[in-house]
Amino acid sequence: MATNSRGQFNSRLGFVLAAAGSAVGLGNIWKFPFEVGAGGGAAFVLIYLAFCFLLCFPVMISEIAIGRKTQLNAVGAFKKLGHHNWAWIGLLGILAGVFILSFYNVVAGWAFGYFLQMVQGNFEIGQNFGSYISKWESIGLYGLVFMGVTSVIVSKGIQGGIERAAKILMPSLFVLIIGLMLYAFTLDGAMDGIEYYLVPDFSEITGEVIYSALGQAFFSLSLGMGALITYGSYVSRKQDIVRSAAMITLTDVSVAFLAGMMIFPFVFSSGIEPNGGAGLIFATLPGVFEGLGPILGIVIGATFFLLLSFAALTSTVSLLEVPVAYLVDEKKIKRPVAVWGMATLIFLLGLPSLLGNGAVEQLTSFMTLYRDGQEQMISFMDFVELIASDTFLPLGGTVIAIFTAYVWKKNNLNAELMEGRETDSKWMMSYINFAVMFFCPIILGAITIITILERFFGIQVF
Ligand code: PFF
């Protein structure tokens, strides 16, 4: 894509796949299962699903519409539809994206490193996950490679890189997860896993479960930070935004849901604790692959972690695209300079997250925050995740809904959504209007404020 002319996705499938590529990533396959484990199982899943469809879907539609209307980056879009005073919403998003990418890249390094371990048939790595992630030199190197590949793709622009990669790799990952899920069902103890995952125990629902489910919904759908405003700016006016958003949401939620259906039978049949935290899939899966036998284990294990790395790559590409589009559009910086400059900065910002997994004690036990009223020691990486993903994204979603309904105004939103609309069903439009005007600002806003009070100040609202 030339720096002075905006690229455009070739087809609806191109946009949907690229946006779904952004949405589907480590969030679905690594983060979702351990958040379910930390949240007590099925009750978390239920709340997460409700948030995705009821609260996040209308925000997604608003983001894409704002992007397509303005043909601008996250900051420029708010300035154009509102006023200079609204640029801060975009800046908040860019900040969230920069911090998310800083730790996301570290976890992508874990996944890529696991691919290399699987190729060598090192199935014991699952039991040594803790010491594996504390080796900052090797993980740092993988992270560096990952950030480098991301930068090459982003500097080539929208059609050349993102679209082509997404078209091939996403469906392959989907098929592999389904295959592994069917295999998981055949193992001893599988049913306990399914029960844990699907039969809700409502006594497990605490404030913390609600906040993490909301943060997870935003993170997983790539919402609240302008990623979909930026991608929306490359969408043709002939496309049906509502339908595209529905396809993106359904794809993302299905992958997360199936990843859970795959992992919990494995977790229960291996006798691992489901609430083991960030290492859940990394501790569980190598043993499962080993059980497939030496040759098949290596083939399936290596393929799985390679595809997981690619899923992470289509997400890191979208995370980097947000600040880059801002620098290119607003600051008139040449795309390659913006890409490599930002990538370097973000990699450096990720160093404390890299070192905070055992290598440096002060970063591993970084600070105390509150969880359901109890003090809890967290690592630097947990801290960044809590601020950027669980707080900034829902906050961004709230202000995006308020902006859409009351600054840009609902009639303008509706006019934009009608362009390219393929059906004239009214109920969907009515729900979107209701959600953007009332439901999202009130419910989303309230949960976001309560999250901040409880997590950071220990003030128990419920
Ligand atoms: N949705 C991605 C995932 O679930 O892995 C993470 C992500 C990508 C979040 C892009 C935010 C974003 F803008």
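When a ligand or atom number is given, it counts from 1 through the structure's own listing order.
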Asks: Looking only at the side chains, is there a donor atom on one of S134 and N357 sitting less than 3.5 Å from an acceptor on the other?
Replies: no
Asks: Check whether any heavy atom of I100 sits under 4.0 Å from an atom of ligand 1.
Replies: no
Asks: Please examine the side chains of L214 and L444, heavy atoms only from C-beta on, and report whether any two atoms are closer than 4.5 Å.
Replies: yes
Asks: Examine the side chains of S222 and S22 and answer whether a donor and an acceptor come within less than 3.5 Å of each other.
Replies: yes
Asks: Is it true that E321 and R335 make a salt bridge, defined as a side-chain N closer than 4.0 Å to a carboxylate O?
Replies: yes
Asks: Closer than 4.0 Å to some heavy atom of M225 - which atoms of ligand 1 meet that?
Replies: 11 (C), 12 (C), 13 (F)
Asks: Within less than 4.0 angstrom of ligand 1, does G97 place any heavy atom?
Replies: no
Asks: Atom 1 (N) of ligand 1: which protein heavy atom is closest, and how many Å away?
Replies: F219 O, 2.8 Å
Asks: Within the side chain of S236, is there an N or O that forms a donor-acceptor pair under 3.5 Å with the backbone of K238?
Replies: yes
Asks: Just which atoms of ligand 1 are under 4.0 Å from any heavy atom in A227?
Replies: 13 (F)
Asks: Give the residue and atom name of whichever protein heavy atom lies nearest to atom 2 (C) of ligand 1, and the separation in Å to one decimal.
Replies: S22 O, 3.3 Å
Asks: Could you tell me the residue and atom name of the protein heavy atom closest to atom 4 (O) of ligand 1, and the distance to it rounded to 0.1 Å?
Replies: A23 O, 3.0 Å
Asks: Check for me whether Y104 has a heavy atom closer than 4.0 Å to any atom of ligand 1.
Replies: yes
Asks: Just to confirm my output: which protein heavy-atom neighbour is closest to atom 8 (C) of ligand 1, and how far is it?
Replies: S222 OG, 3.3 Å
Asks: For F219, does the six-membered ring have the charged nitrogen or CZ of K31 within the cation-pi criterion, i.e. under 6.0 angstrom from the centroid and within 45° of the normal?
Replies: yes
Asks: Below 3.5 angstrom, do we get any N/O pair linking L26 and ligand 1?
Replies: yes
Asks: Considering the options F282, W110, Y114, which one meets the ring pair (Phe, Tyr, Trp, His ring centres under 6.0 Å) requirement together with Y132?
Replies: Y114
Asks: Under a 4.0 angstrom heavy-atom cut-off, which atoms of ligand 1 come close to G27?
Replies: 3 (C), 4 (O), 5 (O)
Asks: Looking just at side-chain N and O atoms, do E454 and Y211 make a donor-acceptor pair shorter than 3.5 Å?
Replies: yes
